[in-house]
Amino acid sequence: MDPVWHWPPNGAAPATRIAYELPELMPGAARDAVSTAAWRARRGALLDGLAETTYGFTPSGGGLAGLHLVHEQPHLNGIRTDWLMTVAGPRGAMDIPVRSYRPAAPPAGGAPVFLGMNIVGNDQVEQMSGLPYGQWMPTAWPIRQILERGYGLVTLRHDEVEPDLDGAAWWGVRGLFDDIDGIRNRGPAAWGALGAWAWALSRTREAIAAMPGLDADRVIVNGHSRLGMTALWAAAQDEGFAAAISSESGLAGASLTRHVQGEDIAFASSHFPYWYCPNYAGYAHRDTEFPVDQHQLLALIAPRPLHVSSASEDRHADPEGEFLSTLHASPVYELFGRRGTLPAGARAAFDLSPDEAAAVPPPPLRQSVGDTLSFHIREGGHGMTRFDWSVFLDFADRTVANATPGHSG
């Protein structure tokens, strides 16, 4: 068994520095020579690069087709509602169960909303605060606390969108766009399960507009582990999301691919090939040659608020690589007059170099750093705890709750 990797002591450099080089956000650009218009022009190429290599291209021709009320009742300190959301593609339609919670007395215009997928089913979300996750940390959904803080919560099971199994795409939303032969023989840049789940998150964001007491202009998409990867890809593609939160999403999520620590492309593409486009597996054992990297994904969410969460003993998610990724994405947030995790004056060119990133001390455990783009790490292993949620709620208070709809951050 690999030894447990521990986060460096407060203010200390990592015991062993992992060498890496990154593809640039704005190739060759001087620090003050980039405009927001130039970044907007660059944005499409970066999205295409991530689709081409990692997630696959999301097809057009589908959308939200309806939202149907199933049941509603007072619950905890708010209202719980079950819905059937109908989504459609060129080959048909399917219903996905969705559960929402809203405060009993939401503000005018509706409460801001946390939107995230779950892995156990909508009926089990309220039981998850003490549910053992194998050898992982417990995963908490503190619904009462979320409602008390003035937020709504909307959730759906990822398996209801597409089963989390190799060969199961036909039974999910990808089957709405292609026949079984097309799915089996998909092209090298065809979307995988991460893309399918992200597509459903965007359709759910649209459905929130028809849910009473919730504000569809202030939806914070969030997710843990593979669903953190999903949340980031959804937010990068869909600028209708007001903010995003990633919890220990690791490789293909918030962590740098070329900072090889924990999982690598060979592991991910062999264990979960259906999550990605087929091109991804072509970079197995060639991580340092990967043509894109995850700081570009984080930067695509700018200027909207983004929080990245890690855990000190979650070596597979590479917490150091997640923190470095936020540093390398920070120049785009600065371009929009926002602040990321990078201290002022820490770079010479527009892109931050690995040497410059190495000079930034890692944050202490349980201390959030940054602003519109922020990061925290706690002790422990893979999971989403009540402490993490307390940080997420503080982040939402600071960046979304009091923002003008559509202008978070």
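Owing to the predicted nature of the structure, the values given are computational and were not obtained by experimental measurement.
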### Message
Could you measure the distance from the CD1 atom of I119 to the CD atom of Q124? Nearest 0.5 Å is fine.
### Response
11.5 Å
### Task
Decide if the gap between the ring center of H376 and the ring center of F323 is smaller than 6.0 angstrom.
no
### Message
I'd like to check V391 versus S309 (side-chain heavy atoms, cut-off strictly below 4.5 Å). Are they in contact?
### Response
no
### Task
Quick one: do R149 and D397 satisfy salt bridge (charged side-chain N to carboxylate O under 4.0 Å, His left out)? Show the steps, please.
CA-CA 9 Å; R149 293 282 288 265; D397 284 350; 2.7 Å; yes
### Message
Nearest 0.5 Å, please: how far is CD in Q237 from CG in L47?
### Response
6.5 Å
### Message
So does P97 get a backbone contact from the side chain of N122, meaning a donor-acceptor N/O pair under 3.5 Å?
### Response
yes
### Query
Charged N to carboxylate O under 4.0 angstrom, E162 versus R174?
yes
### Task
Please determine if R17 and E320 form a salt bridge, counting it only when a charged side-chain N lies under 4.0 Å from a carboxylate O.
no
### Task
Kindly confirm or rule out a cation-pi arrangement of R203 over W199, judged by NZ or CZ under 6.0 Å from the six-membered ring centre and within 45° of its axis?
yes
#### Entry: Other residues, nucleotides, ligands: >12 heavy atoms within 6.0 Å of R31 CZ
yes
### Partner residues of Y280 under the ring-ring contact (aromatic ring centres under 6.0 Å, His included) criterion, sequence neighbours left out
Y276, F290
#### Entry: Donor-acceptor contact present, side-chain R218 to main-chain A401, <3.5 Å
yes
### Donor-acceptor contact present, side-chain S374 to main-chain H307, <3.5 Å
no
#### Entry: Side-chain ion pair, R42 and E24, N-O less than 4.0 Å
no
### Message
Rounded to the nearest 0.5 Å, what separates atom OG1 in T326 from atom CG in L324?
### Response
7.5 Å
### Task
For salt bridge (charged side-chain N to carboxylate O under 4.0 Å, His left out), just list the numbers for E72 and R102, CA-CA rounded to whole Å, side-chain angles, deciding distance to a tenth of an Å, and then say yes or no.
CA-CA 11 Å; E72 182 169 278; R102 69 178 188 268; 3.1 Å; yes
### Message
Under a 3.5 Å distance rule, please check whether R398 uses its side chain to pair with a backbone N or O of L393 as donor and acceptor.
### Response
no
### Task
Measure the shortest side-chain to side-chain distance between P291 and Y283 over non-hydrogen atoms and say whether it is less than 4.5 angstrom.
yes
### Query
Can you tell me if D351 uses its side chain to pair, donor with acceptor, with the backbone of M26 under 3.5 Å?
yes
### Message
Does the Lys NZ or Arg CZ of R304 fall within the cation-pi geometry relative to F241 - under 6.0 Å from the ring centre and within 45° of the axis?
### Response
no
### Query
Quick one: which of T288, D287, D318, D293 gives a side-chain hydrogen bond (donor to acceptor under 3.5 Å, both in side chains) with H259?
D318
### Query
Below 4.0 angstrom, N of the basic side chain to O of the carboxylate: do R80 and E126 qualify?
yes
#### Entry: Whether H295 and H328 hold their rings parallel, tilted or perpendicular, with breakpoints at 30° and 60°
perpendicular
### Task
State yes or no: are the ring centers of Y55 and W275 separated by less than 6.0 Å?
no
### Summary
Looking only at heavy atoms, the pair that brings A244 and A235 closest together is CB-CB, 3.8 Å
### L46 backbone acceptor or donor facing R43 side chain under 3.5 Å
no
### Task
Establish, from distance only, whether the side-chain atoms of N118 and H158 form a donor-acceptor pair under 3.5 Å.
no
### Message
Is the ring pair F267/H271 parallel, tilted or perpendicular, if the boundaries are 30 and 60 degrees?
### Response
parallel
### Task
Heavy atoms only: give me the nearest L297-G253 pair and the separation to one decimal.
CD2-O, 3.7 Å
### Query
Do side-chain atoms of R286 reach the backbone of G282 as a donor and acceptor pair under 3.5 angstrom?
yes
### Message
Between Q294 (side chain only) and G321 (backbone N and O only), is there a donor and an acceptor less than 3.5 Å apart?
### Response
no
### Task
For this output row, return yes or no: ring centroids of Y101 and W141 closer than 6.0 angstrom.
no
### Query
Looking at R91 and D178, does any basic side-chain N land under 4.0 Å from a carboxylate oxygen?
no
### Message
Using 0.5 Å steps for rounding, measure from the CD1 atom of I146 to the CG atom of L153.
### Response
5.0 Å
#### Entry: Gap between atom CD of E322 and atom OG of S249 - 0.5 Å precision
5.0 Å
### Task
Could you tell me whether a side-chain N or O of S325 sits under 3.5 Å from a main-chain N or O of A254, the two making a donor and an acceptor?
yes
### Query
Got Q261 and R315 here, is their nearest side-chain heavy-atom distance under 4.5 Å?
yes
### Query
When you look at H224 and S247, which way does the side-chain hydrogen bond (donor to acceptor under 3.5 Å, both in side chains) test go after all the steps?
CA-CA 4 Å; H224 171 69; S247 168; 2.9 Å; yes
### Task
Please answer whether the main-chain N or O of P188 pairs with a side-chain N or O of N279 as donor and acceptor at a distance below 3.5 Å.
yes
### Query
Does one side chain, of D164 or Y274, offer a donor that lies under 3.5 Å from an acceptor on the other?
yes
### Distance, nearest 0.5 Å, that separates CH2 of W83 from CE of M211
6.0 Å
